[in-house]
Amino acid sequence: MNRSFTYFSKIKGNFLKTPSPNLHLGFGFCPHNTFLPSRIHSNSSSNAHNDKHPQSINQKVNNLDDALNLFDEMTQRRPLPSIIKFTQLLQSVTKMKHYSHSLNLFKQMCLLRVPLDKFTMSIVIKCCCQLHRTKDGFAALGFCFRRAIVPNVFIFSALLDGLIIEDRILEAEIFFKKLIKEKLCEPDVVMYNTMIKGLCKISNNVIAISLLKLMDERGCKPDVVTYSTVIDSLCKDKLIDEAFKLFKEMVFQKGISPDIITYNSLIDGLCKLGRWDEASKMLQEMLDDGISPDVQTFNILVDAYCKEGKVKEAEDVINIMLKRGILPDLVTYNSLIDGYCLRGEMSKAKSVFDSMEFRGIFPDVVTYNSLLNGYCKSLKIEEAMNLFHEVTRKGLKPDVVTHNTMIHGLFRVGHCGDARKIFDEMLAKGLKPDENTYRIILEGLCNNHKIEEALSLFHLMGDGKLNSDIVVYTILIEGASKCGKLDDATALFQDLINKGLHPNVKTYTVMISGLCREGIVQDAKQLFLQMAESGCPPDNVTYNVLLQGYLKNKHYDDVEMLLEKMDELGYSLDVSTLSLLIDSIAAGSLDTAMSTLIRKLVPDELMDSPSWPYDVFS
DNA sequence: CACCACACGT
């Protein structure tokens, strides 16, 4: 939700020069913290720092059970092992991402009166933050102050990351500035990288880059993480050329070598834009650099092929990874399942799904959501419903996406009441509907001719984000005009302009389509011409929509000009426009001489169709 | 003994 909808105010101006508002981030005691004892007696003589059995404690722990057993063993020893041994163990559990377990161990350490230090506290705070309990992290900071543990850059970075994890980017920025201004700590490269990550998370690439420059000026050299963070963000925003600019700066000006993450980000960015040649060039460059592709590299390729519907090629990639000794993982199979679903090949999707368990890879909620979406798209609503309930039976938690998908599916088959039930179920489970939920509901209502309900829901939603969401407006405009309520559509269009929102290509296109449907071709043409002026030039779809409008309304004068323009732009005709054109030629309404032009505008895929009436053009 | 970056779902 962060990238597509920047509801956060963009951070403008110079990063460190804005005055920082007073910060109330819980430096004091937090009454809600659940794991810190209110007071810990220091008892340094009884748990001295000397270890009687250091060797067994030094054994490596590679799994959670070993770690927990070792911890239990350590707690039995007298004297207790040193804080360092405990902290090392805490760190290994944390590295395994068992943050809740880490906090439990910490709680036991507190009860055992192990004296805590800043190392322990930074790990504990990190655990809180990673668990989306940044509030508890700040409570732990208060605990540090009371215990005369002076927080340092490690602790502050963990907290900063916590704010960012919770999408509290503005607070993160304020916190970061406060740390510098009040000289609470001098940020290191990691802290800068964390702040840059936060800025990137809200697509604020410009400020992210200026912070990158600023850290350099302040004597903190950006590293491969700094650059990779920004490069990845630029790639995600499809600003691939800017990403490469930064990549070159990193390599040639700063002499920093890219690593596998840098390459993966760039390859992903190129693949997602369909720039396959450059992607494979990049892959080669990576190999030449002595870096072997990892499971993520392959997953990027698998996913990209799947999204293009080329599941066969995706399967080939999987075979290559197997040959290279890299095992496909959950993400690989999730992409593959999604690929089959996209093609409507549900039995293949299902068989991949069924094979996963056999391979020792267990479906997660994402797997289920993809499969669920597949059934919904194929209108197999009964199977979808069964799958929806299976999620819970398998011990997984259906999330917002699961519910959104199910609601969408029910609307598709016209089961509006059932959709409502799932929505209520979602609320009852304490899940928070997001903008997608509301879009799906609004669109579902529109498609089921319940435009009034959609409009009243829209007005009910009142203030915020959704009422200023161009996608929502577009849905409603389309819905209204399809329900024959062009007046409502026009009013909505005017309304969004009044709010200072910018219609996008889709908005204009549905409006043009609506006008054409009512036979108001002149206004449609007017709006079409307005698009380029507004810096939002019509796309392939717009041209097809307008053409259809002209043909259906027997407005033949502008057809040829429009076709020529399409040819110039490299656009193509879709099937229904083409068939209308053929009908018009056949009926003698259009000049047969236009056939040559029309033929140029037919995409190759359509020419392969055996049912194609070639004779029209001969 | 501690803090940061990449892949999948509406």
Side-chain angles (χ1 to χ4, degrees), chain A residues 1 82-92 94-95 117-127 129-130 151-162 164 185 187-198 200 223-233 235-236 258-269 271-272 293-304 306-307 329-339 341-342 364-374 376-377 399-409 433-437 439-440 443:
Chain A
M1 84 185 252
S82 74
I83 177 63
I84 295 178
K85 291 286 171 274
F86 276 107
T87 305
Q88 283 172 331
L89 187 57
L90 206 58
Q91 170 67 353
S92 59
T94 304
K95 275 259 144 39
D117 63 12
K118 57 183 71 176
F119 294 91
T120 327
M121 291 316 293
S122 73
I123 297 170
V124 166
I125 289 172
K126 176 184 161 157
C127 291
C129 291
Q130 297 291 322
N152 58 11
V153 67
F154 292 91
I155 288 177
F156 288 129
S157 286
L159 289 166
L160 185 69
D161 199 28
I164 290 163
C185 76
D188 65 359
V189 63
V190 175
M191 185 178 264
Y192 278 113
N193 290 348
T194 308
M195 191 65 245
I196 287 172
K197 175 181 77 172
C200 289
D223 64 5
V224 64
V225 177
T226 323
Y227 276 99
S228 298
T229 305
V230 183
I231 287 171
D232 183 64
S233 178
C235 287
K236 289 208 162 65
D259 64 10
I260 187 144
I261 296 181
T262 326
Y263 280 114
N264 283 348
S265 289
L266 287 167
I267 293 169
D268 192 38
C271 286
K272 285 201 162 69
D294 64 0
V295 65
Q296 298 207 28
T297 319
F298 284 110
N299 284 346
I300 287 163
L301 302 176
V302 169
D303 191 61
C306 286
K307 291 238 157 49
D329 65 4
L330 183 57
V331 176
T332 324
Y333 289 109
N334 284 350
S335 287
L336 194 59
I337 288 172
D338 209 53
C341 288
L342 187 70
D364 67 354
V365 68
V366 177
T367 324
Y368 276 96
N369 290 345
S370 287
L371 203 58
L372 183 66
N373 188 41
C376 288
K377 277 178 71 173
D399 63 9
V400 176
V401 179
T402 320
H403 289 83
N404 288 352
T405 308
M406 195 67 241
I407 292 170
H408 193 179
D434 62 9
E435 47 279 320
N436 291 303
T437 319
R439 283 195 200 133
I440 288 165
E443 194 168 17

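Since the model is a prediction, treat every value here as computed from it, not as a measurement. In what follows, chains are A, B, ... by sequence order, proteins preceding strands, each numbered from 1.
One finds no side-chain N or O of A:Lys95 lying less than 4.0 angstrom from the OP1 or OP2 phosphate oxygen of B:dC1. Residue A:Gln130 places at least one side-chain N or O under 4.0 Å from the OP1 or OP2 atom of B:dC4.
Residue A:Asn334 places its side chain closer to B:dC8 than to any other of B:dT10, B:dC8, B:dA2. Counting only heavy atoms from C-beta on, A:Val190 has its side chain closest to B:dC4 among B:dA5, B:dC1, B:dC4. Comparing atom distances between the A:Asp259 side chain and each of B:dC1, B:dA5, B:dT10 picks out B:dA5 as nearest. Among the nucleotides B:dA7, B:dT10, B:dC6, the one closest to any side-chain atom of A:Asn404 is B:dT10. Taking only side-chain atoms of A:Ser265, from C-beta outward, the nucleotide of B:dC6, B:dA2, B:dC1 with the closest atom is B:dC6. Here the side chain of A:Thr405 is nearest to one of B:dT10, B:dC6, B:dA2, namely B:dT10. Residue A:Asn436 has its side chain nearest to B:dT10 when only B:dT10, B:dC4, B:dC1 are considered. Of all nucleotides listed (B:dA5, B:dC4, B:dA7), B:dC4 comes nearest to the side chain of A:Thr194. For A:Val225, the side-chain atoms get nearest to B:dC4 when compared with the rest of B:dC4, B:dC8, B:dC1.
Between the C1' atom of B:dC3 and the NZ atom of A:Lys126 lies a distance of 7 Å, rounded to the nearest Å. The distance between atom CG of A:Leu90 and atom P of B:dC3, rounded to the nearest whole Å, is 11 Å. Rounded to whole Å, atom C1' of B:dC8 lies 7 Å from atom NZ of A:Lys307. Note: NZ (A:Lys236) to P (B:dA7) measures 3 Å, nearest angstrom. The separation between A:Lys197 atom NZ and B:dC4 atom P is 7 Å, rounded to whole Å. A:Asp161 has its CG atom 10 Å from the P atom of B:dC3, to the nearest Å. Atom P of nucleotide B:dA5 and atom CD1 of A:Ile261 are separated by 8 Å, given to the nearest angstrom. Computed from coordinates, the A:Ile83 CD1 to B:dA2 P distance equals 13 Å when rounded to whole Å.
When heavy atoms are screened at a 4.0 angstrom cut-off, A:Lys377 is found touching no nucleic acid atom at all. Using a 4.0 Å heavy-atom distance criterion, A:Glu443 is classed as making no nucleic acid contact.
Contact annotation: side chain of A:Asn152 to base of B:dA2, donor-acceptor pair present below 3.5 Å. With hydrogens and angles ignored, no donor-acceptor pair under 3.5 angstrom links the side chain of A:Thr229 to the base of B:dA5. Applying the 3.5 Å distance criterion, the base of B:dC6 shares a donor-acceptor pair with the side chain of A:Gln296.
A salt bridge does not link A:Asp161 to A:Lys126: none of the charged side-chain nitrogens sits closer than 4.0 Å to a carboxylate oxygen.
Centre separation under 5.5 Å together with a plane angle under 30° holds for the ring of A:Phe154 and the six-membered base ring of B:dA2, marking them as stacked.
Under a 3.5 Å cut-off, the side chain of A:Ser265 and the backbone N or O of A:Ile261 do form a donor-acceptor pair. A donor-acceptor pair under 3.5 Å links the side-chain atoms of A:Thr367 to the main chain of A:Asp364, judged by distance alone.
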Please step through side chain to side chain contact (heavy atoms under 4.5 Å, CB included) for the pair A:Asp338 and A:Val366, ending with a clear verdict.
CA-CA 10 Å; A:Asp338 209 53; A:Val366 177; over 6 Å; no
Starting from the C-alpha separation in whole Å, work towards a yes-or-no answer on side chain to side chain contact (heavy atoms under 4.5 Å, CB included) for A:Val190 and A:Val225.
CA-CA 9 Å; A:Val190 175; A:Val225 177; over 6 Å; no
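In summary, of the residues considered (A:Asn373, A:Asp434, A:Asp399), a side-chain hydrogen bond (donor to acceptor under 3.5 Å, both in side chains) with A:Asn404 occurs for A:Asp434 alone.
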